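These notes concern the structure reproduced below.
Reminder, nothing fancy here: chain letters follow the sequence lines and each chain counts from 1. Here the structure is a predicted model, which means the values were calculated and not measured.
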Amino acid sequence: MTGNGLEQPSSPGEGGREGAEPPPGPTPREDTALPVRTFASPPSLDAARRIQRVLAARVIREDRLPRSPPQLIAGADAAYSRDGTQVYGAVAVLHCPDLCPVDVQCAERPVEFPYVPGLFAFREGPVLLDAWKQLATRPDIVILHGHGTIHPEGCGLASHLGILLDVPAIGVAERPLGTVAVTPGSARGDTTPVHIGDRVAGCAVRTRAGVREVYVSPGHRISLETAVHIVLATASRYRMPEPLRAAHRHAVECRAKTRKE
DNA sequence: GCGACAG
DNA sequence: ATCTTGTCGC
């Protein structure tokens, strides 16, 4: 699959929406809000932007967690071969609140989409979905290395995957995107809101004193407040949350094993 | 036209 | 993201 998970409108132009919406009800559990389909080829940049706008409308910025407090938190990240032709995705699942690793899966794919700020999900999303599908566990939350709603269209990698998987998702990035950098207080736990227009899209968070801030934003099915809480709860010794560190390590390890560095 | 620009 | 070793500092 190419990873966008949306069906190419077999209808010409922009046509109409889907058929009937599923009946409203309390937080769907096993249901996926959108069918995760396989694509024959990656979307064009225009198609990607179109898909992103459709997904943006489905982002839920409220807490809709399967269990709270969450018991299983996953981290997802990717690594690339040195020649940049292959991408390795890894998802690590940690138990809470001890953060003990309970599951991890990796996947490899050829890189099929360019790095375009704002369209990151189309580059790393596919391989992360591949890894996710192999999990034996069902995480309550997934943290992605990238942005959620701190995004020009309000739909970064974390929102995109959160919607496709219908799983609460959080985006944690090292730098802002489309907004000026802001500086929280110097103490761990200090935060500064990041605005996009009139909305608070996310916030800069100091996870460790004396270390650069990280940018946290809701991806899907979670509030900004809860997202920040989860990030601080999983990132104390290091700047980045532990699930993300674990995923990164495994992605790099997968690359080494595959012997295509 | 120039700069900015998640990983 | 990746190319790259050691080094200064807590």
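Between the C1' atom of C:dA1 and the CG atom of A:Asp83 lies a distance of 12 Å, rounded to the nearest Å. The separation between A:Arg109 atom CZ and B:dG7 atom P is 22 Å, rounded to whole Å. Distance CZ (A:Arg255) to C1' (C:dA1): 9 Å, rounded to an integer number of Å. One atom, NE2 of A:His248, and another, C1' of B:dA6, lie 14 Å apart when rounded to the nearest Å. In this structure, A:Phe122 atom CZ and C:dA1 atom C1' are separated by 19 Å, rounded to whole Å. Whole-Å rounding puts the A:Leu177 CG to B:dG3 P distance at 20 Å. Spacing between atom CD of A:Glu108 and atom P of C:dA1 amounts to 18 Å, rounded to whole angstrom units.
Contact annotation for A:His145: backbone-only contact, meaning every heavy-atom pair under 4.0 Å involves sugar-phosphate atoms and none involves a base. Looking at heavy-atom distances under 4.0 Å, A:Leu128 makes no contact with the nucleic acid at all. Residue A:Ile150 is out of contact with every strand shown, counting any heavy-atom pair closer than 4.0 Å. Across all strands, A:Gly210 comes closer than 4.0 Å to no nucleic acid atom at all (heavy-atom distances).
Nearest heavy-atom pair across A:Leu128 and A:Gly89 is CD2-CA, 3.9 Å.
Of the possible polar contacts, none joining the A:His220 side chain to the A:Asp166 backbone as a donor-acceptor pair under 3.5 Å is found.
In this model, the phosphate group of B:dA4 is not approached by any side-chain N or O of A:Arg175 to a distance below 4.0 Å at OP1 or OP2. A close approach under 4.0 Å does occur between a side-chain nitrogen or oxygen of A:Tyr115 and OP1 or OP2 of B:dA6.
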*Yes or no on side-chain contact (heavy atoms from CB on, under 4.5 Å) for A:Ser236 and A:Arg188, after CA distance, side-chain angles and deciding distance?*
CA-CA 8 Å; A:Ser236 52; A:Arg188 162 179 157 75; 4.0 Å; yes
